[in-house]
Amino acid sequence: METIWFCLWILLWAVYFALDGFDLGMGTLMPFLARNATERRIIVNAQGPYWDGNEVWLLTAGGATFAAFPAAYGTMFSALYAPLLLLLFCLIFRGCAFEFRGKASCPGWAAAWDACLFAGSFLPALLLGVAFANLFMGIPVDGDGIYHGNLLMLLNPYGLAGGVLFVLMFCYHGAVMLDIKTEGVLQSRARSAAYAVWPLLAGMLAVFLIATAQFTGTFGRVAAHPVLYAALTLAAIGLAGSRLALGRSALGSWTGSAVFIMGLTFFGAGGMYPNLIISSIDPAFSLTVHNAASSPLTLKIMLAVALCAVPCVLGYQAWVYRLFSGKVTEKSIEKGHSY
């Protein structure tokens with residue numbers, strides 16, 4: 001049961017990265033792609049129907065960590081308190097930016113909230129990458145789950161490499177989504193951005209995998225569970241397929257990008273198994289799926305709830321994506337509610 005919940009835990013994070021990733025990417029790219037207020041509004045409205053629903057998966061992943069692995073949750077949110085608190089504030093200001101930027105006609109007002117939208121998109125992508133890279137490498141926690149370090153220790157070369165990888169991954173994902181949702185000049189810029197970011201992403205992925213082999217025990221643990229190589233292979237196929245489809249099928253390119261993100265998440269997080277929190281002080285202090293899990297009865301009840309609730313969420317989101325599947329244009333944002 002603990003292993004089942006570990007797999008579900010990874011799945012929730014993978015879905016979150018694949019869905020909210022394009023929102024974060026679009027917000028990060030907005031200052032570089034939008035040339036005027038109308039184009040900025042188009043980019044914001046391309047995210048508008050989806051962003052809050054996508055973030056449900058972040059809450060679900062956090063809730064699953066708390067309920068299924070409470071000891072790991074407590075240690076994680078103590079050791080990574082500073083970056084996670086900063087992540088929370090970024091997401092708060094990002095949500096406020098969507099709702100408040102159009103509430104006044106003053107250009108300075110909109111510009112300020114656009115800056116919040118950019119920071120609230122770029123920093124979470126960076127921080128998530130830094131956090132997960134440090135979890136792969138191990139953090140200095142003792143047998144009582146107490147963190148012996150500071151924020152600067154997390155900004156090590158491997159952690160920053162993870163942050164850069166996430167930023168590039170989400171920017172590419174967002175650029176492809178803009179290729180789907182826009183038209184004309186803005187669509188051309190988005191597609192050009194995707195073409196430009198792809199080789200940077202592929203190169204950074206190679207660097208990160210080499211660094212992972214050097215600084216972590218991921219590949220050694222994966223060798224004990226070779227099925228995880230299938231996840232890495234799937235990620236590589238998704239990344240290559242996304243590039244081949246770029247300019248031919250925007251939806252196909254986005255699907256390939258989503259497969260890449262989910263495959264890479266399963267490979268990286270699955271490469272920690274059976275660990276959830278790896279102690280760099282002493283491996284004996286590490287928290288695993290066995291010593292950090294809730295009781296078997298709790299896990300069974302949660303599994304039953306998840307099997308009922310998750311399909312409902314997926315169905316709702318599928319309906320939302322279908323309902324708002326059209327392109328966002330200058331005319332469309334003048335009709336009805338828009339940001």
Side-chain angles (χ1 to χ4, degrees), residues 2-3 5-14 16-17 21 58 61-66 68-88 124-143 145-167 169 205 208-209 211-222 225 228 231-232 235 261-293:
E2 293 90 346
T3 300
W5 265 103
F6 180 74
C7 294
L8 289 175
W9 179 73
I10 299 175
L11 177 63
L12 293 173
W13 280 110
Y16 169 68
F17 292 150
L58 175 62
T65 308
F66 171 76
F69 306 107
Y73 178 92
T75 300
M76 187 183 302
F77 279 78
S78 296
L80 303 176
Y81 182 80
L84 289 175
L85 189 62
L86 181 57
L87 171 66
L88 176 62
L126 181 69
L127 292 169
L128 285 167
V130 169
F132 271 87
N134 276 279
L135 289 176
F136 299 160
M137 183 172 62
I139 54 179
V141 293
D142 62 21
I146 298 174
Y147 179 62
H148 295 269
N150 52 50
L151 177 60
L152 292 179
M153 288 184 64
L154 300 175
L155 301 178
N156 53 74
Y158 182 68
L160 291 174
V164 173
L165 176 64
F166 268 55
V167 170
M169 183 169 67
L205 174 63
F208 185 75
L209 290 176
T212 297
Q214 179 70 29
F215 293 106
T216 78
T218 296
F219 283 95
R221 289 185 290 270
V222 168
H225 304 90
L228 290 172
L232 184 60
I261 291 172
M262 295 184 71
L264 189 63
T265 303
F266 267 93
F267 175 77
M272 294 193 299
Y273 184 83
N275 301 293
L276 289 164
I277 305 290
I278 300 171
S279 173
S280 59
I281 296 176
D282 187 338
F285 297 153
S286 298
L287 293 174
T288 70
V289 297
H290 306 295
N291 64 21

Quiz item: Do you know the tightest heavy-atom contact between Ser279 and Ser286?
Solution: N-OG, 3.0 Å
Quiz item: Between Ala292 and Ala72, which heavy-atom pair has the shortest distance, and what is it?
Solution: CB-N, 3.9 Å
Rounded to the nearest 0.5 Å, how far apart are [atom1] of [X] and [atom2] of [Y]?
{"X": "Ile277", "Y": "Met272", "atom1": "CD1", "atom2": "CE", "answer": "7.0 Å"}
{"X": "Arg221", "Y": "Leu228", "atom1": "CZ", "atom2": "CG", "answer": "10.5 Å"}
{"X": "Ile146", "Y": "Phe285", "atom1": "CD1", "atom2": "CZ", "answer": "11.0 Å"}
{"X": "Asn275", "Y": "Leu287", "atom1": "CG", "atom2": "CG", "answer": "9.0 Å"}

For [X], all residues meeting side-chain contact (heavy atoms from CB on, under 4.5 Å), sequence neighbours excluded:
{"X": "Val164", "answer": "Leu168, Met204"}
{"X": "Leu205", "answer": "Leu165, Leu209, Leu239, Phe260, Leu264"}
{"X": "Leu58", "answer": "Trp13, Tyr16, Leu91"}
{"X": "Phe77", "answer": "Tyr73, Leu84"}

Practice problem: Check whether any side-chain heavy atom of Ile278 sits under 4.5 Å from a side-chain heavy atom of Leu135, and report yes or no. | Solution: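 They are not in contact (no side-chain heavy atoms under 4.5 Å apart), so the answer is no.
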Self-check item: Side chain to side chain, Phe17 and Met262, heavy atoms closer than 4.5 Å
Solution: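 Contact flag for Phe17/Met262 side chains = no.
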Exercise. Could you list the residues that satisfy ring pair (Phe, Tyr, Trp, His ring centres under 6.0 Å) with His225, not counting sequence neighbours?
Key: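 Expected list: Tyr273.
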Exercise. Using ring pair (Phe, Tyr, Trp, His ring centres under 6.0 Å) as the criterion, list what pairs up with Phe267, not counting sequence neighbours.
Key: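 Partners of Phe267 under the ring pair (Phe, Tyr, Trp, His ring centres under 6.0 Å) test: Phe219.
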Going by the rule side chain to side chain donor-acceptor pair (under 3.5 Å), which residues pair with [X] if we only count those two or more places apart in sequence or in a different chain?
{"X": "Thr265", "value": "none"}
{"X": "Tyr147", "value": "none"}
{"X": "Trp9", "value": "Thr65"}

Which side-chain N or O atoms in residues 148-158 pair as donor and acceptor under 3.5 Å with protein atoms at least two apart or in another chain?
unit_1, atom_1, unit_2, atom_2, d
His148, NE2, Asp142, OD2, 2.8
Asn150, OD1, Leu152, N, 3.1
Asn150, OD1, Met153, N, 3.0
Asn156, OD1, Tyr158, N, 3.2
Asn156, OD1, Gly159, N, 2.7
Asn156, ND2, Asn134, OD1, 2.9
Asn156, ND2, Met153, O, 2.9
Asn156, ND2, Leu154, O, 3.3
Tyr158, OH, Thr212, OG1, 2.8

List the atom pairs, donor and acceptor, that lie under 3.5 Å between side-chain atoms in residues 124-131 and the rest of the protein, sequence neighbours left out.
none

Quiz item: Going through the checks in order, is the ring pair (Phe, Tyr, Trp, His ring centres under 6.0 Å) test met by Phe6 and Phe69?
Solution: CA-CA 9 Å; Phe6 180 74; Phe69 306 107; 7.1 Å; no
